[in-house]
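Keep in mind that this is a model prediction, so the values were computed, not measured. Only this structure's heavy atoms are used, side chains among them; waters, hydrogens and symmetry mates stay out. First the proteins, then the strands, lettered A, B, ... as listed; each starts at 1.
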2 protein chains.
Amino acid sequence: MTDKQPANNLTEQVMARLSADIRGGRLAPGARLPTEQALTTELGVSRTVVREAVAALRADGLIVTRRGSGAYVADPAAGPFRIAAPRTTSLDDILDVMELRLSVEVEAAAFAAERASRRHVAAIRAAWQSIETALKRGEGAVAEDFAFHRAIAEATGNSQFPRFLAYLGSHVIPRQSVRLSVDTPAERRTYLARIQHEHSRIVAAISDGDVTEARRAMREHLTRSLDRYRALARGKKNGRR
Amino acid sequence: MTDKQPANNLTEQVMARLSADIRGGRLAPGARLPTEQALTTELGVSRTVVREAVAALRADGLIVTRRGSGAYVADPAAGPFRIAAPRTTSLDDILDVMELRLSVEVEAAAFAAERASRRHVAAIRAAWQSIETALKRGEGAVAEDFAFHRAIAEATGNSQFPRFLAYLGSHVIPRQSVRLSVDTPAERRTYLARIQHEHSRIVAAISDGDVTEARRAMREHLTRSLDRYRALARGKKNGRR
DNA sequence: ATCAATAAAATTGTCTGACAACTTGTCGGG
DNA sequence: CCCGACAAGTTGTCAGACAATTTTATTGAT
């Protein structure tokens with residue numbers, strides 16, 4: 001199920017072992033782990049290795065240690081937060097993540113329309129202009145597109161939105177360039193022009209402070225690209241739900 | 001800015017220091033960290049502490065180590081995935097996270113209305129019923145409420161939604177019980193009754209497959225609780241934007 | 001016999017020193 | 001100029017010791 005490269009360093013081996021014990025349920029939340037000495041004898045490694053593995057798992061939020069008492073399996077709810085599986089990026093997974101992105105961005109546009117400052121609006125406009133010049137130069141403008149969405153997220157005044165987008169973008173956007181279903185340059189150009197037109201409507205809504213329209217425009221914009229991926233997924237291998 | 005409890009264990013102090021250096025940009029991605037020996041002398045701790053801190057940061061995906069060469073700041077895009085800050089949970093941070101949650105849940109309700117199976121609808125109805133019985137017993141039903149929202153997230157057919165909610169819920173919901181602005185039991189009862197009424201409208205919309213109404217009902221439901229928190233935050237110490 | 005204070009044992013946290021495994025740069029010889 | 005051997009530097013692992021803290025056992029008084 002998981003990746004099993006031999007992991008030439010012992011610490012990772014011990015980490016994998018303990019992690020598997022915890023996630024596999026052999027060690028229930030709140031249960032106490034074997035003592036460091038017990039682990040050294042059982043696994044045949046030095047205490048240094050055991051301690052480093054424990055420190056790593058503690059950083060992961062899987063366990064907590066109490067001096068003089070022992071190490072305990074942490075409540076999984078208290079753990080940090082991992083969103084998507086980075087390794088297994090199947091096409092379906094990407095679609096799922098894109099839906100999550102749509103959800104966040106639609107509301108981000110609404111919040112931006114509600115409370116964007118003049119500087120924020122100016123930044124969004126500048127990002128739009130950057131796409132425009134890139135398109136006139138005949139480029140794809142994927143980086144500029146991402147910057148545009150990022151500018152909107154920052155205009156919400158809520159730092160969670162840009163952070164969320166930055167993470168999702170780094171994992172979803174790169175795939176976008178892998179395979180575009182549009183073939184001829186002419187088709188591609190009209191497609192990009194339409195995208196940019198959708199962008200302009202989003203800008204207008206945010207600039208006007210029209211919350212409802214901002215939501216609508218952003219949803220339409222993202223739904224369209226989502227549908228293109230859905231079609232692609234269905235074409236490649238149809239199935240699922 | 002951040003929380004500065006003395007952190008009685010040195011490892012966390014060193015971790016915090018290095019983590020701040022990396023996130024603060026003083027150490028660019030790809031840059032090499034000081035050697036362990038340099039850190040021991042500079043920070044005045046033993047090599048054991050430094051190594052455990054490095055092991056923890058490596059588990060966090062912030063750095064990578066190469067034997068014989070050194071430790072390097074990892075490319076953040078390659079790093080696993082972290083969304084929000086778990087430690088620094090100020091009231092403003094909670095509000096920001098709640099807005100993110102609203103964004104996701106509104107669209108989750110829409111997706112649920114669009115493609116929930118009969119079993120999913122039944123599960124949502126059952127969760128609603130659980131709240132009902134808990135309320136009749138005079139309980140707060142926070143766990144049941146969370147289960148209700150979770151059932152909706154699962155009805156989307158997109159595994160990212162329940163996962164996202166599970167994380168956010170574990171960090172946001174617990175605070176809900178910390179301090180409720182409603183004082184008298186009567187007020188509390190009417191409040192809970194209204195919440196449950198809002199729930200019923202969400203259930204009806206999803207059951208009918210009415211996407212727009214599902215969005216509207218969920219947004220109204222969450223906006224209301226968000227507004228209550230906003231008022232609470234403003235009452236405690238007004239400021240910010 | 002019950003309970004409280006004390007002592008002992010157990011456990012994690014930190015320090016020190018050492019050696020192995022690996023990487024990188026240097027230097028000499030071809 | 002290229003290339004191999006060598007040396008220095010760095011991380012990985014091991015071993016032992018002591019400190020700080022918690023848990024358990026012992027002991028004593030009531």
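Here the side chain of A:V45 is nearest to one of D:dT10, C:dT11, D:dC14, namely D:dC14. Nearest nucleotide to the B:R51 side chain, out of C:dT14, D:dC14, D:dG12: D:dG12. Minimum atom distance to the side chain of B:L10 is reached by C:dT14, of the listed D:dT13, D:dT10, C:dT14.
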Verdict with supporting geometry, A:R137 and A:E144, salt bridge (Lys or Arg N to Asp or Glu O under 4.0 Å): CA-CA 13 Å; A:R137 232 177 302 142; A:E144 288 84 356; over 6 Å; no
Salt bridge (Lys or Arg N to Asp or Glu O under 4.0 Å) between A:E99 and A:R230, worked out: CA-CA 11 Å; A:E99 285 183 356; A:R230 286 212 186 92; 2.9 Å; yes
Stepwise side-chain hydrogen bond (donor to acceptor under 3.5 Å, both in side chains) test for A:T48 and B:R51: CA-CA 9 Å; A:T48 304; B:R51 281 198 60 79; over 6 Å; no
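In terms of phosphate contacts, A:S46 brings a side-chain nitrogen or oxygen within less than 4.0 Å of OP1 or OP2 of D:dC14. Here A:R47 does not reach the OP1 or OP2 of C:dG13: none of its side-chain N or O atoms lies under 4.0 Å away. An OP1 or OP2 oxygen of C:dG13 is reached within less than 4.0 angstrom by a side-chain nitrogen or oxygen of A:T65. Between B:R58 and D:dT11 there is no side-chain N or O to OP1 or OP2 distance below 4.0 Å.
Of all the heavy atoms in B:M218 and B:I152, the pair that sits closest is CE-CD1, 3.8 Å. What you find for A:L27 and A:R32 is that their closest heavy atoms are CD2-O, 4.5 Å. B:A108 and B:T156 get closest at one heavy-atom pair: O-CG2, 3.3 Å.
Residue B:Q37 contributes atom CD, which lies 12 Å from atom C1' of D:dA8 at whole-angstrom precision. Rounding to whole angstrom units, CG of residue B:L43 and C1' of C:dT14 are separated by 15 Å. Look at CD on B:E12: it is 12 Å from C1' on C:dG13, rounded to the nearest Å. Put simply, CD on B:E52 is 14 Å from C1' on D:dG12, counting in whole angstrom units. Computed from coordinates, the A:L39 CG to D:dC14 C1' distance equals 16 Å when rounded to whole Å.
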Dot-bracket summary - DNA chain C, pairs being Watson-Crick or G-U whose distances fall under 3.5 Å, with | when paired to another strand: ||||||||||||||||||||||||||||||
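The aromatic rings of B:H221 and B:H149 sit parallel, their planes meeting at an angle under 30°, below the 60° perpendicular limit.
When the options A:L39, A:T40, A:T11, A:L43 are evaluated for a side chain to side chain contact (heavy atoms under 4.5 Å, CB included) with A:V49, the one that passes is A:T11.
Residues B:D227 and B:R224 are not paired through a salt bridge, judged by the lack of any N-O separation under 4.0 Å between the basic side chain and the carboxylate.
Both B:E36 and A:V49 lie near DNA chain D, and the one whose nearest nucleotide falls closer to the 5' end is B:E36.
Base engagement by A:T48 is indicated by at least one non-hydrogen atom pair under 4.0 Å involving a base atom. Nucleic acid contact for B:V54: none, since no nucleic acid atom lies under 4.0 Å from a heavy atom of the residue.
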Return the polar atom pairs (N/O with N/O) between nucleotides 22-25 of chain C and the protein under 3.5 Å, or none.
{"residue": "C:dT24", "atom": "OP1", "partner": "B:R66", "partner atom": "NH2", "Å": "3.4"}

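Using a 4.5 Å cut-off on side-chain heavy atoms (C-beta onward), B:R67 and A:N9 make no contact.
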